[in-house]
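See structure below.
In what follows, every heavy atom counts, from backbone to side chain, and hydrogens, waters and symmetry copies are set aside.
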Amino acid sequence: MSVSAPYGSLDATGNRLTKSLRAPSLVAGTALLLMAVLSAWGNFGILENLITTGDTAKTVADISASEALFRMGVAALVAVVVLDVIVAAALFEVFESVDRGLSMMAAWFRLAYSAVFLVAICRLLEVPALLKNDGGQAVRMLDAFDATWKVGLVLFAVHLLLIGYLAYRSGFMARIFGVLLTIAGLGYLADGFATILVPDFPFGFAVFVFGGEVALMFWLLIRGRQVRVPADSSPVPGKDMP
């Protein structure tokens with residue numbers, strides 16, 4: 001059963017002009033799923049197993065012995081950036097009917113985060129060459145990757161906060177999705193600023209509040225493809241905006 005949002009233009013017969021969210025929902029949901037798999041494999045499955053915090057010698061030895069594996073982990077993160085760009089475009093289309101301006105802003109914040117993340121990943125590409133001459137510098141480059149990524153999470157947090165607001169007032173999603181996404185955004189915001197303000201901050205809030213992202217992914221894959229929204233964001237004549 002299709003769901004329609006309450007606003008939109010009318011055609012000559014008085015029926016609302018609507019469009020399906022099937023394509024952008026499936027694109028965004030599938031990309032988010034692939035991102036989850038690649039991030040888990042590349043970052044947690046490979047890089048974190050090769051990097052031992054506080055032990056330069058072991059980190060240098062492990063990466064040197066598994067350089068090809070290290071590069072595969074980096075390649076997985078680059079693929080995540082590409083998918084992030086796809087998600088930004090698809091989510092813009094999903095929420096465009098709610099508020100085109102805010103949806104565009106959310107997309108730009110995600111794209112900005114993707115750019116920062118790519119810069120961080122480029123630091124990892126310098127590590128194998130540095131290992132041959134200066135292991136200490138190579139480890140400092142790993143630290144720079146981590147710090148750059150975490151500071152970039154401030155941009156990602158704003159994206160989630162905007163998407164959470166759009167989801168909350170959309171009319172085609174349960175408001176709990178907006179609440180969960182907002183909580184996730186606040187968690188990433190805290191992590192990003194903690195990295196800036198507190199040296200060697202040991203705690204990560206996002207680990208406990210990422211449920212909003214998971215919920216959004218499943219909504220897009222299962223429910224989003226059934227939704228129809230106004231073909232434009234203008235209100236139906238005679239109707240008051242909420």
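- One finds the CG atom of Asp143 at 8.5 Å from the CD1 atom of Ile51 (value rounded to the nearest 0.5 Å).
- At a threshold of 4.5 Å between side-chain heavy atoms, the hydrophobic network of Ile, Leu, Val, Met, Phe, Trp and Tyr places Met104 and Leu111 in one connected group.
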Exercise for the section: For the pair Val227 and Trp219, evaluate side chain to side chain contact (heavy atoms under 4.5 Å, CB included) and give the outcome as yes or no after the intermediate values. Expected result: CA-CA 11 Å; Val227 174; Trp219 183 90; 3.9 Å; yes

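- Taking CG of Leu220 as the start and CZ of Arg22 as the end, the distance is 13.0 Å to the nearest 0.5 Å.
- Side-chain contact between Ser97 and Phe172 is present, with heavy atoms from C-beta onward closer than 4.5 Å.
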Handout entry: Verdict with supporting geometry, Tyr168 and Met173, side chain to side chain contact (heavy atoms under 4.5 Å, CB included)
Key = CA-CA 7 Å; Tyr168 187 84; Met173 294 182 72; over 6 Å; no

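- The side-chain contact (heavy atoms from CB on, under 4.5 Å) test with Phe70 is passed by exactly one of Asp62, Leu131, Ile63, Ile46: Ile63.
- Trp108 and Val116 fall into different hydrophobic clusters, where Ile, Leu, Val, Met, Phe, Trp and Tyr are joined by side-chain heavy atoms under 4.5 Å apart, directly or via other members.
- Residues Val80 and Val214 are members of one and the same hydrophobic cluster, defined by side-chain heavy-atom contacts under 4.5 angstrom among Ile, Leu, Val, Met, Phe, Trp and Tyr.
- Every residue two or more places apart in sequence or in another chain that forms a salt bridge (charged side-chain N to carboxylate O under 4.0 Å, His left out) with Arg71 is listed here: Glu67.
- Looking at heavy atoms from C-beta onward, Phe193 lies in side-chain contact with Val154 at the 4.5 angstrom threshold.
- With sequence neighbours left out, the ring-ring contact (aromatic ring centres under 6.0 Å, His included) criterion links Tyr113 to Phe117, Phe156.
- Closest of all the heavy-atom pairs between Leu160 and Gly185 is CB-CA, 3.8 Å.
- In this structure, His159 contributes its side chain and Phe109 its backbone to no donor-acceptor pair below 3.5 Å.
- Within the structure, salt bridge (charged side-chain N to carboxylate O under 4.0 Å, His left out) pairs that include any residue of residues 109-129 comprise Asp84-Arg110 (at least two apart or interchain).
- The heavy-atom pair separating Leu50 from Ser66 by the smallest distance is CD2-CB, 4.0 Å.
- Between the OG atom of Ser170 and the CD1 atom of Ile163 there is a distance of 10.5 Å, given to the nearest 0.5 Å.
- Between Val87 and Ala28, the shortest heavy-atom distance links the atoms CG2-O, 4.1 Å.
- Val60 and Leu125 fall within the same hydrophobic cluster, where Ile, Leu, Val, Met, Phe, Trp and Tyr residues are linked whenever their side-chain heavy atoms come under 4.5 Å apart, directly or through other members.
- Two residues are said to be in side-chain contact when any heavy atoms from C-beta on lie closer than 4.5 Å; Asn43 and Glu48 meet this criterion.
- Considering all non-hydrogen atoms of both residues, Ala107 and Ala88 come closest at CB-O, 3.7 Å.
- In this structure, Arg225 and Leu221 have side chains that are not in contact, with every pair of non-hydrogen atoms separated by 4.5 Å or more.
- Using a 4.5 Å heavy-atom cutoff, the side chains of Pro24 and Leu91 are not in contact.
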Practice task
Show your working on side chain to side chain contact (heavy atoms under 4.5 Å, CB included) between Leu83 and Leu38 and close with a plain yes or no.
Solution key: CA-CA 10 Å; Leu83 291 169; Leu38 287 171; 3.8 Å; yes

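- Formation of a donor-acceptor pair under 3.5 Å by the Asn49 side chain with backbone atoms of Gly45 is found in this model.
- Phe145 contributes atom CZ, which lies 4.5 Å from atom CG of Leu124 (distance to the nearest 0.5 angstrom).
- Two residues are said to be in side-chain contact when any heavy atoms from C-beta on lie closer than 4.5 Å; Leu32 and Glu213 fail this criterion.
- Residues Ile121 and Val81 form a side-chain contact, since some pair of their non-hydrogen atoms from C-beta on lies under 4.5 Å apart.
- For Thr59 (side chain) and Thr52 (main-chain N/O), a donor-acceptor pair under 3.5 Å exists by modelled atom type.
- Going from atom OG1 of Thr30 over to atom CG of Leu34 covers 7.0 Å, rounded to the nearest 0.5 Å.
- The OG atom of Ser114 sits 10.5 Å away from atom CD1 of Ile86, with the distance rounded to the nearest 0.5 Å.
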Problem - side chain to side chain contact (heavy atoms under 4.5 Å, CB included) evaluation trace for Val229 with Leu21 - result: CA-CA 7 Å; Val229 298; Leu21 293 184; 3.7 Å; yes

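- Listed for the Ser103 side chain is a donor-acceptor partner under 3.5 Å among the backbone atoms of Phe92.
- Cluster annotation: Val82 and Val85 are assigned to distinct hydrophobic clusters (Ile/Leu/Val/Met/Phe/Trp/Tyr, side-chain heavy-atom contacts under 4.5 Å, transitive).
- Closest approach of Leu181 and Ala167 over heavy atoms only: CD1-CB, 4.2 Å.
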